[in-house]
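What follows is a set of notes on a single structure, which appears directly below.
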Amino acid sequence: MKVIGILGTHNPDGVTGQMLKAVLKGAATSAETELVNLNDYALVPDHDKLPNPELDQLAAKLQAADVWVLAAPTYLGGLSGVMKNFLDCFRSRIARYNAVGEAVPDQFKNKHYVTITDCYAGGVENYLTGVTDAAFKTMDKFLTMGGLIKLREIVITHTWGMQALTPKKQAEGERVGQKAAHKVERDDNTMKRYVELFFMIAVMALLTMGIEAGLGRLIPLTNFWTYYGAFVVIFYILLASILHFFTVVKHRRR
């Protein structure tokens with residue numbers, strides 16, 4: 001088992017690098033680890049018939065690892081340039097492309113990954129506005145394009161002037177690393193998602209019935225179609241709210 005950390009920041013000793021090292025420290029209790037600082041590589045995209053030893057070296061390291069941990073700060077509401085440059089340059093290798101230009105997972109399929117980002121915004125501000133969402137989405141899009149399976153996100157907020165991780169965040173990083181190092185099964189959590197969907201619908205139906213019972217005290221719902229119509233409207237509103245949460249507010253923000 002090998003866990004590789006990819007650091008995409010200009011300051012390797014900053015909070016981003018410290019969190020990545022915390023994750024690797026946790027993973028090192030039961031797995032081989034390696035930290036790659038992207039600043040050590042002069043990355044350029046592949047060009048036809050031209051050698052690209054830097055990307056070749058990184059590709060070999062990534063192929064040898066079972067879990068990837070990508071860590072990069074959020075700048076100006078987006079992913080840091082160092083990490084983004086790596087994603088752009090490696091884009092042609094993360095997956096193969098078919099005749100119509102669609103990405104098809106290939107050599108990295110079914111590996112697992114963890115993503116880390118941080119921002120100057122406070123926890124409440126990030127929770128309400130999603131300052132770090134764009135950074136997570138960019139990394140997710142790149143990694144899922146290659147068929148990698150997500151394990152966890154870590155976010156650090158209010159990093160302005162922060163010189164060291166808090167004990168709580170240090171412990172979180174080590175805990176995530178320990179769990180990642182034991183992620184030997186390769187699945188896309190399909191069964192887990194079906195179970196979650198079942199309980200989500202069951203809870204929504206219960207809430208709908210409860211709301212409808214309260215509504216029935218104010219408005220007569222004796223007619224079948226009136227009762228059915230109220231149920232559908234309430235259920236739809238709850239469903240839309242939950243789907244909005246999982247599609248827009250799904251990233252870790254605190």
Side-chain angles (χ1 to χ4, degrees), residues 1-9 12-13 16-46 51-73 79-80 82-97 103-118 135-155 170 172-189 252:
M1 184 71 174
K2 181 174 182 179
V3 179
I4 188 169
I6 307 295
L7 182 61
T9 176
D13 299 319
T16 311
Q18 291 177 40
M19 179 54 85
L20 178 57
K21 291 173 184 176
V23 173
L24 294 180
K25 180 180 178 181
T29 58
S30 58
E32 178 186 354
T33 63
E34 181 179 2
L35 192 155
V36 171
N37 184 347
L38 292 176
N39 289 300
D40 296 335
Y41 296 81
L43 299 179
V44 294
D46 285 314
N52 198 336
E54 303 283 85
L55 282 188
D56 290 343
Q57 186 177 353
L58 281 177
K61 290 178 180 291
L62 292 172
Q63 182 60 56
D66 302 285
V67 178
W68 303 0
V69 186
L70 272 66
L79 191 62
S80 73
V82 177
M83 180 61 76
K84 185 61 167 62
N85 181 59
F86 162 67
L87 303 188
D88 290 343
C89 292
F90 208 78
R91 178 176 57 86
S92 61
R93 299 196 182 205
I94 191 66
R96 61 182 174 83
Y97 294 83
V104 180
D106 192 13
Q107 58 179 323
F108 304 116
K109 185 178 180 181
N110 290 332
K111 293 181 182 293
H112 292 81
Y113 74 91
V114 175
T115 49
I116 300 169
T117 195
D118 53 79
F136 280 132
K137 287 179 181 178
T138 301
M139 290 187 283
D140 284 344
K141 186 173 183 178
F142 170 81
L143 294 163
T144 56
M145 185 170 69
L148 279 82
I149 301 168
K150 188 173 188 174
L151 293 178
R152 180 69 183 267
E153 291 176 348
I154 302 177
V155 64
Q170 177 72 27
E172 179 185 352
E174 293 183 21
R175 186 167 59 251
V176 170
Q178 290 172 354
K179 291 182 179 180
H182 288 92
K183 191 70 177 180
V184 294
E185 69 273 17
R186 296 187 171 184
D187 61 77
D188 59 359
N189 295 318
R252 288 190 173 269

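Residue numbers start at 1 and run along the sequence shown.
Residues meeting the side chain to side chain contact (heavy atoms under 4.5 Å, CB included) test with Thr33, sequence neighbours left out: Val3, Leu24, Ala27, Ala28. Ala64 meets the side chain to side chain contact (heavy atoms under 4.5 Å, CB included) test with no other residue; sequence neighbours excluded. Lys141 meets the side chain to side chain contact (heavy atoms under 4.5 Å, CB included) test with no other residue; sequence neighbours excluded. Annotation: side-chain hydrogen bond (donor to acceptor under 3.5 Å, both in side chains) contacts of Glu54 (sequence neighbours excluded): none. By the side-chain hydrogen bond (donor to acceptor under 3.5 Å, both in side chains) test, Thr9 is found to be paired with no residue, residues two or more places apart in sequence or in another chain being considered. With sequence neighbours left out, Asp106 forms a side-chain hydrogen bond (donor to acceptor under 3.5 Å, both in side chains) with no residue at all. Looking at residues two or more places apart in sequence or on another chain, you find no salt bridge (charged side-chain N to carboxylate O under 4.0 Å, His left out) involving Asp40. Partners of Arg152 by side-chain hydrogen bond (donor to acceptor under 3.5 Å, both in side chains), not counting sequence neighbours, listed by chain and number: Glu172. Listed by chain and residue number, nothing satisfies the ring pair (Phe, Tyr, Trp, His ring centres under 6.0 Å) test with Tyr113 (two or more places apart in sequence, or in another chain). By the side chain to side chain contact (heavy atoms under 4.5 Å, CB included) test, Lys179 pairs with Arg175, sequence neighbours left out.
Between the side chains of Glu174 and Gln170, a donor-acceptor pair is found at a separation under 3.5 Å.
For the pair Ala59 and Arg93, the tightest heavy-atom approach, listed with the atom from each and the gap, is CB-NH1, 3.9 Å. Closest approach of Met83 to Ala71, counting heavy atoms only: CE-O, 3.6 Å. The minimum heavy-atom distance between Tyr97 and Arg91, with the atom names listed, is OH-O, 3.1 Å. Minimum interatomic distance between Asn37 and Pro12 (heavy atoms only, all atoms of both residues): ND2-CB, 3.7 Å. Across all their heavy atoms, Asn52 and Val44 have their closest contact at ND2-O, 2.9 Å. Scanning both residues, Asp46 and Ser92, for their nearest heavy atoms gives OD2-OG, 3.2 Å.
Distance alone, capped at 3.5 Å, is enough to place a donor-acceptor pair between the Trp68 side chain and the Leu62 backbone. In this structure a side-chain-to-backbone donor-acceptor pair under 3.5 Å is present from Thr117 to Ala72. Looking only at distances, no side-chain donor or acceptor of Asp88 sits under 3.5 Å from a matching main-chain atom of Pro45. Under the 3.5 Å distance criterion, the side-chain polar atoms of Lys25 are left unmatched by any main-chain donor or acceptor of Gly177.
When side chains are defined from C-beta on, Leu43 counts as touching Leu58, because their heavy atoms get closer than 4.5 Å. Taking the side chain as every heavy atom from C-beta outward, Met19 and Asp118 never approach each other to under 4.5 Å. Side-chain contact between Ser30 and His182 is present, with at least one heavy-atom pair separated by less than 4.5 Å.
Applying side chain to side chain contact (heavy atoms under 4.5 Å, CB included) to Leu70 and the options Asp140, Leu38, Leu87, Ile4 leaves one that passes, Leu87. The only member of Leu148, Leu143, Asp66, Val67 that meets side chain to side chain contact (heavy atoms under 4.5 Å, CB included) when paired with His112 is Val67.
Ring geometry, Phe90 versus Phe108: the interplanar angle falls from 30° to 60°, so the pair is classed tilted.
Between atom OG1 of residue Thr144 and atom CD1 of residue Ile94 there is a gap of 9.0 Å, rounded to the nearest 0.5 Å. Atom CD1 of residue Ile6 and atom OH of residue Tyr41 lie 8.0 Å apart, to the nearest 0.5 angstrom. Taking CG of Leu7 as the reference point, atom CG of Leu35 lies at 6.0 Å (rounded to 0.5 Å).
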message: Go through it in stages, so that I can follow the logic: the residues are Lys111 and Gln63, the test is side chain to side chain contact (heavy atoms under 4.5 Å, CB included), and I'd like the CA-CA distance, side-chain angles, deciding distance and then a yes or no.
response: CA-CA 9 Å; Lys111 293 181 182 293; Gln63 182 60 56; 3.9 Å; yes
- request: Would you please test Asp13 and Lys21 for side chain to side chain contact (heavy atoms under 4.5 Å, CB included) and show each step?
  value: CA-CA 10 Å; Asp13 299 319; Lys21 291 173 184 176; 3.8 Å; yes
